[in-house]
Amino acid sequence: MPAAAALDFQGSSVDLARALIGAVLLVDGVGGRIVETEAYDAEDPASHSHRGPDPRNASMFGPPGHAYVYRSYGIHWCLNLVCREAGHGAGVLVRAIEPTHGQERMRARRGPVADLLLCAGPGRVGQALGITRAHDGLPLDRAPFALRSAPQPVEVIVGPRIGISKAQEMPWRFGLQGSCFVSRRFP
DNA sequence: CTTTCGATGATCT
DNA sequence: GATCATCGAAAGG
């Protein structure tokens with residue numbers, strides 16, 4: 001009887017991205033089950049950490065198990081969970097969550113959208129969970145964050161990442177098999 | 001169903 | 001000036 005995978009922030013971002021599927025993430029009591037992630041590793045030209053530390057990505061080179069928050073297209077806040085990979089900054093983008101906690105607050109933040117779209121996409125996750133620059137660099141094991149690994153083993157599916165122009169072919173997008181809360185179907 | 005495009009600001013060349 | 005780990009609305013098949 002295998003135990004659910006523990007979350008290892010010292011290992012590779014690909015392993016962490018896979019292990020995070022099914023984990024429960026809350027921010028100030030709002031959130032749910034992670035159903036979609038993408039890995040961004042040290043050697044990855046699509047990763048913000050690829051060119052080394054700078055003011056924006058500093059959190060990716062800080063302690064593992066902390067948050068890296070960045071502004072996307074000038075509009076959205078996107079949340080990454082930082083890990084360390086061969087001493088280099090790496091992280092996992094949280095792309096979609098199945099809402100289980102604080103749905104009223106999510107709806108208030110997201111406006112009049114279908115419940116299936118509350119957290120279906122990295123920008124939507126950021127908005128629904130109230131993520132801002134203030135969360136950048138905060139530890140994930142203390143308030144306002146709460147993170148616990150998947151309570152039971154889950155079936156994970158894999159596909160190419162979304163919305164990038166470099167290393168498009170890398171199969172580093174992970175999803176919960178059969179979930180209708182993912183941002184897009186898997187091939 | 002698909003593709004296109006504007007919003008909006010930090011970062012890169 | 002161009003690009004970008006996006007979203008939502010609009011237009012086209």
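Chain letters run A, B, ... following the sequence lines, proteins first, then strands; residues in each count from 1.
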(message) Using 0.5 Å steps for rounding, measure from the OG atom of S149(A) to the CD1 atom of I34(A).
(response) 10.5 Å
(message) On the nucleotide dC4(C), are OP1 or OP2 found under 4.0 Å from the side-chain N or O atoms that S165(A) carries?
(response) yes
(request) Specify the residues of residues 78-101 of chain A, ordered by number, for which at least one heavy atom lies under 4.0 angstrom from an atom of DNA chain C. (result) N80(A), L93(A), R95(A)
Please tabulate, for the side chains in residues 66-81 of chain A, all donor-acceptor contacts under 3.5 angstrom to protein atoms that are two or more places apart in sequence or on a different chain.
from, atom 1, to, atom 2, distance (Å)
H66(A), ND1, G137(A), O, 3.0
Y68(A), OH, H48(A), ND1, 2.8
N80(A), ND2, Y68(A), O, 3.4

(request) Mind running a 4.0 Å heavy-atom check of residues 48-66 of chain A against DNA chain C and sending the residues that fall below it, in number order? (result) H48(A), M60(A)
(request) Send over the distance from D44(A) CG to dC4(C) P, rounded to a whole Å. (result) 13 Å
(request) Tell me which nucleotide among dC7(C), dA5(C), dA10(B) gets nearest to the side chain of R133(A). (result) dA10(B)
(message) Under the criterion of centre distance below 5.5 Å and interplanar angle below 30°, is Y73(A) classified as stacked on the base of dA7(B)?
(response) no
(message) Looking at Q168(A) and I164(A), would you say the former's side chain and the latter's main chain have a donor-acceptor pair under 3.5 Å?
(response) yes
(message) Given dA5(C), dT8(B), dC7(C), identify the nucleotide with an atom nearest to the side chain of H76(A).
(response) dC7(C)
(request) When you get a sec, tell me which of dG8(C), dT6(C), dA7(B) is the closest nucleotide to the side chain of S72(A)? (result) dT6(C)
(request) Identify, with sequence neighbours excluded, every residue that meets salt bridge (Lys or Arg N to Asp or Glu O under 4.0 Å) alongside R110(A). (result) none
(request) Check whether the side chains of S183(A) and E36(A) place a donor and an acceptor atom closer than 3.5 Å, and report yes or no. (result) yes
(message) Is it the case that the base of dA5(C) and the side chain of Y70(A) share a donor-acceptor contact (distance under 3.5 Å, atom types as modelled)?
(response) yes
(message) Please give the distance between the P atoms of dC5(B) and dA2(C) as a whole number of Å.
(response) 16 Å
(message) Under 4.0 Å, heavy atoms only, any strand: does G74(A) hit a base, just the sugar-phosphate, or nothing?
(response) base
(message) Strictly distance-based, threshold 3.5 Å: is any side-chain N or O of R33(A) a donor or acceptor partner for the main-chain N or O of G22(A)?
(response) no
(message) Any side-chain to backbone donor/acceptor pair from H135(A) onto T132(A)? Under 3.5 Å, distance only.
(response) yes
(request) Return one dot-bracket line describing DNA chain C 5' to 3' (Watson-Crick or G-U wobble pairs, both distances under 3.5 Å; ( ) same strand, [ ] crossing, | another strand, . none). (result) ||||.|||||||.
(message) Please give me every residue in residues 109-117 of chain A whose heavy atoms get under 4.0 Å of an atom in DNA chain C, ordered by residue number.
(response) R110(A)
